[in-house]
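This report concerns only the one structure given below.
Letters A, B, ... mirror the listed sequences (proteins, then strands); counts begin at 1.
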Amino acid sequence: MSEQKNETALSSDAAEVRAQKLKLLREKIGDVYPAHFHRTITNAELSAKYEDLAPDTETQDIVTVAGRVYSSRNSGMFMDLHDASGKIQIFSHKDITPEASRELLSLIDLGDIIGVTGAVRRTKRGELSINAREITMLTKTLLPMPEKYHGLADIELRYRKRHLDILTNEESKLRFQQRSKILSGIRRFMENDGFMEVETPMLHSVYGGATAEPFKTHHNTLKLDMYLRIAPELYLKRTLVSGLTDKVFEINRNFRNEGVSTRHNPEFTMMECYWAYADYEDIMDLVERLFAELAMSIHGTTEFAFGDKQISFAGPFKRVPMPDAVKDATGIDFLAIKTDEEARAAAKAAGFEVEKDATWGECLAFIFEEKVESTLIQPSHVTHFPKDISPFAKEVPGEPRLVERFETYCNAWEIGNAFSELNDPEEQRARMIDQLQQAHARGEKEKQLDDEFLDAIDQGMPPAGGLGIGVDRLIMLLTNAPSIRDVILFPARRHKND
RNA sequence: GAGAGCGUAGCUCAGCCGGUAGAGCAACUGACUUUUAAUCAGUAGGUCAUGGGUUCGAAUCCCAUCGCUCUCACCA
């Protein structure tokens, strides 16, 4: 007898054992990966339906559930079965579970996906359970599950093997469920506000709409070098010219060939919208309504924690012109400074190292970034940006060095960027030529003037407010995620050879 | 791109002033059978990221490479 046991004894290597069990299962029951199985209820629905079932109570209600085995106690008599919605305990006992199903139990490993049919009851200890009458193998797994108590903790593995991260880390699962909810929340908000969603090209033969390094690619048949878009802005404005709609938006990926960090992924999601006959102040209101609504949908309130900070999305947000913010922080009054040279001197005197040829506006923006940005924890709109760093925004009346632009900051991060969109064709052309020259001076040889865009603006774009929202960062805030990689399912990673 | 740190069993982690590698979970063999990270006994499992070097001897010290993390730079 003991010899026979030795012959059938399984290897102690987890992966090998599973392969052996798979073989045994195939011999015994045939199809281990059946195509058809229909559950009658999800685990969450089950919990809700039997919420009031008292402990130590049996029902005659037969249900069929399906899910992955997460843990097993008393030699498989108790198993926790998880589906995407939640968990349910499976109880198998010789008094209720037929021989065939109990035999299957010994070939079930943690992580396997099974179906279970049986009567619902609540145990003496209060655990909602199913008395297994039939157990069906739906998917035999070949790899063991990560450790059940700590889950997958290794950060590298959590990003590389996201399926294991979500399988074992509840907060990670919740975060990606919330990401989905936030995205649909943005869509719903925009549509309810009368915006029409469109899709514009991601492959551009001329890139623009932002200052960033693009990814380069090539179209074979067209024999055309192309770029993954760095921004949808120019196409969305062309859409606005078309009269298709007065309120247009797009939610999709932008690609920027820049550094990666906890706040930067090479591909990231932006929501951009353009609203005809509105200006940047209308857009500020829109941002506040949108943020408040998203916080409500995720947290049920506009107040929430990010790390050790309390964030409030209850509007109205603080609005502060950039020159005022810089003046408050440093005492430097940029509005009183007349020339680039004076601006550089003032910056230098205050201890800031600005470029030799920095303009008045560049000095102002630089000091803002150095001194003010990190202090903007509660959501704030910083308005009145310098014109020389804002090629698509209209001038502030009476102050031609500033434009009707704002950026929304929260937790010291830039989340939103918006303007009263420039629609004067001659000025737009002049500013883009100026930007192009600057890009070429920086060595960006491939940067070209977007004639098709300028041609469309010549046709007349209605006055409009425009906005871009960094959706990943907004999701980070709302889900308390310290890294952008925590809110992107499969973040960019080097290939690992091992 | 620069600096700092990390990489030990399938997973979570010890070991690191050099002396042949350890625990818990998972797995295997049993016991037990209304459990909740079930419990108990036993077994097996490691090219200590990779490649060099120093040394009688390296997971441990040195160098290089790969991967990851953090900070900074570019950017949103």
Side-chain angles (χ1 to χ4, degrees), chain A residues 2 5-6 8-18 20-21 55-56 58 69-80 87 89-96 102 106 109-111 121-129 131 141-161 164-165 167-169 209-214 230-231 253-272 369 373 407-409 413-417 442 444 468-474 476 482-485 491 493-498:
Chain A
S2 64
K5 267 179 188 165
N6 271 344
T8 57
L10 293 160
S11 159
S12 62
D13 178 79
E16 224 173 277
V17 170
R18 283 157 194 259
Q20 290 169 354
K21 286 181 181 169
D56 206 12
E58 308 227 356
V69 178
Y70 267 59
S71 69
S72 164
R73 296 176 289 282
N74 291 38
S75 309
M77 185 162 62
F78 296 96
M79 290 186 291
D80 287 341
K87 76 161 192 179
Q89 179 169 267
I90 306 300
F91 178 68
S92 305
H93 193 275
K94 59 177 186 291
D95 296 345
I96 49 167
R102 276 189 296 125
S106 64
D109 287 303
L110 298 192
R121 72 171 172 113
R122 194 176 290 281
T123 65
K124 229 180 283 181
R125 313 275 179 117
E127 193 74 33
L128 192 65
S129 306
N131 286 337
T141 57
L142 294 179
L143 294 174
M145 291 276 278
E147 206 244 19
K148 64 181 171 186
Y149 188 59
H150 299 93
L152 196 64
D154 184 276
I155 293 175
E156 183 176 352
L157 282 180
R158 290 180 62 177
Y159 296 149
R160 282 191 193 282
K161 304 199 174 196
L164 293 180
D165 175 36
L167 225 39
T168 58
N169 295 315
T211 53
E213 187 75 18
I230 57 172
R253 235 68 66 77
N254 290 341
F255 307 85
R256 298 190 183 175
N257 208 340
E258 309 275 357
V260 297
S261 78
T262 49
R263 284 171 301 277
H264 302 85
N265 195 61
E267 51 181 305
F268 64 101
T269 300
M270 287 268 290
M271 192 283 285
E272 279 205 12
E369 284 164 21
E373 218 178 82
E407 287 189 348
T408 304
Y409 285 83
W413 304 337
E414 184 190 335
I415 308 292
N417 184 15
R442 281 196 303 269
E444 269 187 68
I469 297 276
V471 172
D472 306 286
R473 287 186 183 172
L474 184 56
M476 287 170 71
S483 168
I484 197 167
R485 290 183 285 273
R493 223 94 287 255
R494 281 201 179 91
H495 183 255
K496 189 171 186 180
N497 325 287
D498 54 1

Counting only side-chain heavy atoms from C-beta out, which of B:rC70, B:rA76, B:rA27 sits nearest to A:Glu414?
B:rA76
Is A:Gly468 touching bases, backbone alone, or none of the nucleic acid, heavy atoms closer than 4.0 Å?
nothing
List in chain and number order the residues that pass ring-ring contact (aromatic ring centres under 6.0 Å, His included) with A:Phe91, two or more places apart in sequence or in another chain; answer none if no residue qualifies.
A:Phe78, A:His93
Return the 5'-most residue of the pair A:Phe78, A:Glu407 with respect to RNA chain B, ranking by each residue's nearest nucleotide.
A:Phe78
Sugar-phosphate, base or nothing in reach of A:Ala153, heavy atoms under 4.0 Å:
sugar-phosphate
Provide, to the nearest angstrom, the distance between the CZ atom belonging to A:Arg263 and the C1' atom belonging to B:rU69.
14 Å
Between B:rA27, B:rC11, B:rU36, which nucleotide gets closest to the side-chain atoms of A:Arg73?
B:rU36
Can you find a side-chain donor-acceptor pair between A:Thr141 and A:Arg18 that sits under 3.5 Å?
yes
Classify the side-chain pair A:Asn265/A:Arg485 by whether it contains a donor and acceptor separated by less than 3.5 Å.
no
A:His93 side chain, from C-beta outward: closest of B:rU69, B:rU33, B:rA37:
B:rU33
What nucleotide among B:rC68, B:rA31, B:rA27 has an atom nearest to a side-chain atom of A:Glu156?
B:rC68
Got a donor-acceptor pair under 3.5 Å from the side chain of A:Ser75 to the base of B:rC32?
yes
Of B:rC28, B:rU69, B:rU34, the nucleotide closest to the side chain of A:Val17 is B:rC28
Is A:Phe268 stacked on the base of B:rA76, with ring centres under 5.5 Å apart and planes under 30° apart?
yes
Residues which pass side chain to side chain contact (heavy atoms under 4.5 Å, CB included) with A:Ser71, listed by chain and number, not counting sequence neighbours
A:Arg73, A:Asp80
Toward the 5' end of RNA chain B, which comes first, A:Ser129 or A:Ser72, by nearest nucleotide?
A:Ser129
May I ask which nucleotide in the shown strands pairs with B:rG51, Watson-Crick or G-U wobble, both distances under 3.5 Å?
B:rC63
Classify A:Gly259 by what it touches in the nucleic acid, base, sugar-phosphate, or nothing, heavy-atom distance under 4.0 Å.
base
NA contact type, A:Phe91, heavy-atom cut-off 4.0 Å: base, sugar-phosphate, or nothing?
base
With a 4.0 Å cut-off on heavy atoms, is A:Val260 in touch with a base, just the backbone sugar-phosphate, or nothing at all?
base
A:Arg253 atom CZ: more than 12 heavy-atom contacts under 6.0 Å
no
Could you tell me whether A:Thr211 contacts a base, only the sugar-phosphate backbone, or nothing, with contacts defined as non-hydrogen atoms closer than 4.0 Å?
sugar-phosphate
Given B:rG10, B:rA27, B:rC70, which nucleotide is nearest the side-chain atoms of A:Pro144?
B:rG10
Which nucleotide sits closest to the side chain of A:Leu110: B:rU36, B:rA26, B:rC72?
B:rA26
A:Ser483, nearest nucleotide to its side chain (from B:rU36, B:rC70, B:rA27):
B:rC70
Among the nucleotides B:rU12, B:rU36, B:rA37, whichever has the atom closest to the side chain of A:Tyr149 is B:rA37
Enumerate the protein-to-nucleotides 21-24 of chain B contacts in which both atoms are nitrogen or oxygen and the separation is below 3.5 Å.
residue: B:rG24; atom: N2; partner: A:Glu147; partner atom: OE2; Å: 3.3

